[in-house]
Amino acid sequence: MDFKFSDEQLKLRKEFFDVCKDLEKIKPKGYVGLESNYDTDEGWEYHLHCAKEFARRGWLALDWPAEYGGSGTMMDRVFFAEARGYYDVAGADVFGVEMLAPTILGAGNDDIKRRFLPGIASGDVMWCELWSEPNAGSDLASLATTAIRKGDEYIINGQKTWSTGAHRSHWAFAVVRTNPNAEKKHQGLTFLLFDMKTSGITVKPLLYMEGGHYYNEVFLDDVRVPVNNVVGEENKGWAVTQMLAGFERSNLGAIMCMQRQLEDLVKYCNETKVKGEVTARDPLVRNRLAQAACELEAARCLAYRIADAQSKKEMALFDASAVKITSGELQARIAHMATDLFGSCGQVKISRWAKLNGFFETWYQHHFRLNVAMGTNEIQRNIIAWSGLNLLRMK
Ligand SMILES: Cc1cc2nc3c(=O)[nH]c(=O)nc-3n(C[C@H](O)[C@H](O)[C@H](O)COP(=O)(O)OP(=O)(O)OC[C@H]3O[C@@H](n4cnc5c(N)ncnc54)[C@H](O)[C@@H]3O)c2cc1C
């Protein structure tokens, strides 16, 4: 495969990188990755500010059809994700821009497209995903939240959990059970959109192990949602959910985020002396950095290949699983490597001893979530086994 891009593509790619470089300069202190959008008011304000900057350039709708404001291609969208990942900036709502918009374009009717796409493109409406429940994660189809239709409304009752950013987001997309008597559990599910200010919604924090407030439990008590907020058809929400999950797992910005981390570590090793010798001359350090560079290059090739397949609508189910596992597990190894390099200073963040502003202490704590969020790596390996390798399915 040839990864050469046209001059025009490279010019736009540079523009993405230039704008993100400027936005990096105004990041709030301690901002690291998506989760920082939700924890503090400064993080949320920064997220909204970056969204506006991208929206006015039309970048939140890049590869959409022209009638909804699109002006680019799938590959432009990839370059944009790379730039955001490299500079670790906010602004492209992972739930609205990355997941819901392509799902609405693929499965929503004209009314849904007309009502919900403009708010995503303008960066005014931020979304959260209400899928997982206390007893339904990997086995999402066994979810218990019901939405019983009464006239022109559904009345929703149940509990969702692990809802990232639900305490700040404006709207939610949820999967709910509209037919409790369906023969099979994945039948009778519906994909619904609702305003998080609707009466009957209670959001409670689910604090991460270091105390950050990124995730939530969401309680739904007699929440009334108009029936015309369904994406796809009533009782056929499983197909819509599957479609969105494919967008959820194509993890492209993460690769560039790691590229930057590697560059920062190389610079650190070239500039830091331990016991009188420059760290970069330690054979074990060189070995680990070179190994990480090789793995990163392999991950980048995989991600580009998948982006290319996605742009041709040829992406296989296991492709998304492969890139999710590859990038998440590599991030874990890079976080471990960095904390090893920093020695005991690797364990501190808010301290004069913290290295590189404690960035890797945060990643060390956060890499654990990458193996679980967006479907666990065990489940992704199962998908690769039956869908990619044609191994018999588990009973
Ligand atoms: C940081 C974070 C953010 C999240 N954000 C959101 C969000 O915004 N919205 C949302 O809806 N959900 C979110 N989730 C939920 C996430 O999708 C689920 O945690 C995930 O799907 C796993 O479900 P579970 O936690 O119920 O674990 P379980 O499904 O109970 O799994 C427990 C363990 O058993 C393993 N396992 C289960 N079934 C199998 C099998 N068939 N074969 C092999 N192993 C198996 C799993 O891999 C896992 O190790 C988030 C989770 C995390 C950790």
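Order of listing sets the numbers, starting from 1, for every ligand and every atom in it. In what follows, residues are counted from 1 in the order of the sequence shown.
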Nitrogen or oxygen atoms of Asn382 and ligand 1 under 3.5 Å apart = yes

query = Can you name the one residue among Thr145, Leu143, Asn179, Val240 that meets side chain to side chain contact (heavy atoms under 4.5 Å, CB included) with Leu189?
reply = Leu143

query = Can you check whether Trp162 has an N/O within less than 3.5 Å of an N/O in ligand 1?
reply = yes

remark   = Looking only at non-hydrogen atoms, the one of Ala136, Ser142, Ser169, Ser138 nearest atom 27 (O) of ligand 1 is Ser138

key: Glu42 bridged to Lys29 by N-O distance under 4.0 Å   = no

ask   = Looking only at side chains, do Tyr208 and Glu35 share a donor and an acceptor under 3.5 Å apart?
value = no

query = So is there a nitrogen or oxygen of Glu35 less than 3.5 Å from a nitrogen or oxygen in ligand 1?
reply = no

inquiry  = Residue-level breakdown please: for Tyr214 versus ligand 1, do any non-hydrogen atoms fall below 4.0 Å on the side chain, on the backbone, on both, or on neither?
reply    = neither

inquiry  = I'd like to know if Phe95 contacts ligand 1, where contact means a heavy-atom distance under 4.0 Å to any ligand atom.
reply    = yes

request  = Indicate yes or no: does Lys113 engage Glu67 in a salt bridge with an N to O separation below 4.0 Å.
outcome  = no

ask   = Does any N/O atom on Thr376 come nearer than 3.5 Å to any N/O atom on ligand 1?
value = yes

task = Provide the number and element of each atom of ligand 1 under 4.0 Å from a heavy atom of Trp131.
result = 11 (O)

message = Glu129 versus ligand 1: do any nitrogen or oxygen atoms come within less than 3.5 Å of each other?
response = yes

ask   = Between Tyr364 and Glu210, do the side chains contain an N or O donor and an N or O acceptor separated by less than 3.5 Å?
value = no

query = Do Gln259 and Arg300 get their side chains close enough for a donor-acceptor pair, meaning under 3.5 Å?
reply = yes

request  = Report, in ascending order of atom number, the atoms of ligand 1 lying under 4.0 Å from any heavy atom of Val372.
outcome  = 19 (O), 20 (C), 53 (C)

message = For a quick check under 3.5 Å, do Asn37 and Arg168 share a side-chain donor-acceptor pair by atom type?
response = no

query = Any idea which atoms of ligand 1 are less than 4.0 Å away from a heavy-atom of Arg369?
reply = 1 (C)

request  = May I ask which of Cys128, Gly137, Ser163, Ser132 has a heavy atom nearer to atom 26 (O) of ligand 1 than the others do?
outcome  = Gly137

Backbone N/O of Ile112 and side chain of Asn109: donor-acceptor pair under 3.5 Å = yes

